[in-house]
*Asks:* 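The following block contains the structure, expressed as structure tokens.
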Amino acid sequence: MRDRKTDHSTIIGDVVGEPVTLNRKGNALTVSLRKSLRGKLSADRRGYGANLDFGGVSCVLVAPGHIAKAEEETSEEDTVHIRVLRISARKYIVELEENDDEFDMTERSTDNNISKVLHAIDEKRREGSLDFADRDVLEDALSRLDDEGEGIVSEARKRLHEPSVK
Amino acid sequence: MSSEWSFRFAEKTFLQVLEERGRSLLQQLQGAADNISDTEMAVGAWEAFDAFKERILKHSGNKTDPGAELEPALESGQPMPGCFYFKVGGWRAYYHLDESELVCSGIYICHDDDDQEEALSIVLEDARKTMSPDKPRGAG
């Protein structure tokens, strides 16, 4: 276990973490962000925040928001959205969606009938009435398919390269 | 408890489907015989399936973080709890991740062109059989 006096950084990995000082201001908490950390966030513009709660460990996401302006002044920034999806108690996905109006959710959304199938399967899984096999059985199944397909696929590929075949 | 994930695969809706669909594609290849256009299509379909099963095999080797390779399955824009998938060509493999037990369960395989209503009726029929009084819960 770590010494409580040592640094308890919660940001490790691809995103560079930097020290941030938190100050109490009445009932609010203020944060001073160094230039390297604030990126293009500006005090002149409205921002929005979201608390990404990892079961008691808070991580606050701050993103620029919209400013009401004339239609002709709409900038590219107004057509992008930062979508945050909580996919489990310990995992979020944060991603940029450009031009939300045109974003095709059908590619991401599960087909209605597939979700019904998944719910039915999941119910069986929770009841313990779904039979499972381990990775060895998967490997055997794939190996069998490869063996069965080897000759058939190479024959078919050969046929494709024979000029006489019509 | 081990910090490595373990993998398991639903016999009927994952493994059996994988084998049946593979064999069906091989039959298409044989059936295409001397028709060049049919052969081209059948070879293309097999290659897409081959890439899909390679991905399944590779994913099942990621014992440190299998969820990192998966997208959340969304239902009306919201994630279905514990349900994830990856897509290779028109093929999709769905998994359930149990983060507390570190178990990744392959639960369902399908193709974009599949008739999901038929798949649903098969799964529900199977569920009814499992739940019938003749067969106790949890039995094969």
Side-chain angles (χ1 to χ4, degrees), chain A residues 83 85-93 105-146 148-160 162-166, chain B residues 6-13 15 18-19 22-23 25-26 29-30 32 34 36 39-40 42-43 46 50 53 56-57 60 67 71-85 92 94 96-97 99 105-108 110 116-117 119-120 123-124 126-127 130-131 137-140:
Chain A
R83 178 174 287 270
L85 286 174
R86 184 172 201 167
I87 55 174
S88 76
R90 304 192 306 178
K91 197 172 282 186
Y92 289 84
I93 288 180
M105 284 300 287
T106 55
E107 180 64 22
R108 299 286 303 273
S109 286
T110 306
D111 173 274
N112 191 33
N113 283 321
I114 294 180
S115 67
K116 282 180 187 166
V117 173
L118 292 173
H119 280 299
I121 292 172
D122 198 51
E123 197 175 321
K124 289 185 68 179
R125 183 192 61 78
R126 281 187 277 110
E127 290 164 358
S129 59
L130 197 63
D131 294 327
F132 286 99
D134 62 21
R135 190 178 189 271
D136 291 347
V137 179
L138 170 77
E139 284 178 4
D140 288 346
L142 295 180
S143 177
R144 271 197 301 275
L145 277 176
D146 283 341
E148 288 171 30
E150 196 177 0
I152 299 169
V153 176
S154 64
E155 273 300 311
R157 285 190 178 127
K158 208 186 288 177
R159 286 203 299 274
L160 286 180
E162 285 172 3
S164 58
V165 175
K166 295 288 170 197
Chain B
S6 59
F7 289 82
R8 59 181 194 166
F9 303 91
E11 287 183 357
K12 285 186 181 171
T13 51
L15 294 173
L18 193 64
E19 278 205 86
R23 290 214 170 84
L25 288 168
L26 290 174
L29 270 172
Q30 285 177 308
D34 291 339
I36 190 92
T39 303
E40 272 176 349
V43 167
W46 172 261
D50 198 36
K53 61 187 181 64
I56 289 171
L57 193 59
S60 68
E71 291 272 334
L74 302 181
E75 186 177 41
S76 306
Q78 296 299 313
M80 297 173 73
C83 193
F84 298 81
Y85 76 101
R92 289 168 185 254
Y94 286 89
H96 179 271
L97 297 187
E99 291 192 6
S105 307
I107 53 172
Y108 186 55
C110 63
Q116 293 299 331
E117 284 193 28
L120 179 63
V123 171
L124 291 177
D126 187 52
T130 309
M131 298 299 291
R137 269 188 192 194

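Convention: sequence-line order gives letters A, B, ...; per-chain numbering from 1.
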*Asks:* Counting only non-hydrogen atoms closer than 4.5 Å, does A/Leu130 touch chain B with its backbone (N, CA, C, O), its side chain (CB onward), both, or neither?
*Replies:* side chain
*Asks:* Side chain, backbone, both or neither: which part of A/Asp122 has a non-hydrogen atom closer than 4.5 Å to chain B?
*Replies:* side chain
*Asks:* Specify which of B/Phe7, B/Tyr94, B/Phe84 makes the most heavy-atom pairs with chain A at under 4.5 Å.
*Replies:* B/Tyr94
*Asks:* To the nearest 0.5 Å, what is the distance between OH (B/Tyr85) and CD1 (A/Ile114)?
*Replies:* 9.5 Å
*Asks:* Would you give the length of the straight line joining atom NZ of B/Lys53 to atom CG of A/Leu142, rounded to the nearest 0.5 angstrom?
*Replies:* 6.0 Å
*Asks:* Using non-hydrogen atoms and a 4.5 Å limit, figure out which bit of B/Leu29 sits close to chain A: side chain, backbone, both or neither.
*Replies:* both
*Asks:* Taking atom OG of B/Ser60 and atom CG of B/Leu57, what is their separation to the nearest 0.5 Å?
*Replies:* 5.0 Å
*Asks:* Find the distance between OG1 (B/Thr39) and CH2 (B/Trp46) and round it off to the nearest 0.5 Å.
*Replies:* 15.5 Å
*Asks:* When heavy-atom pairs shorter than 4.5 Å are enumerated against chain B, which of A/Leu145, A/Val137, A/Asp134 gives the highest number?
*Replies:* A/Leu145
*Asks:* Under the salt bridge (charged side-chain N to carboxylate O under 4.0 Å, His left out) rule, what do A/Arg159 and A/Glu155 come out as? Steps first, then yes or no, please.
*Replies:* CA-CA 6 Å; A/Arg159 286 203 299 274; A/Glu155 273 300 311; 5.0 Å; no
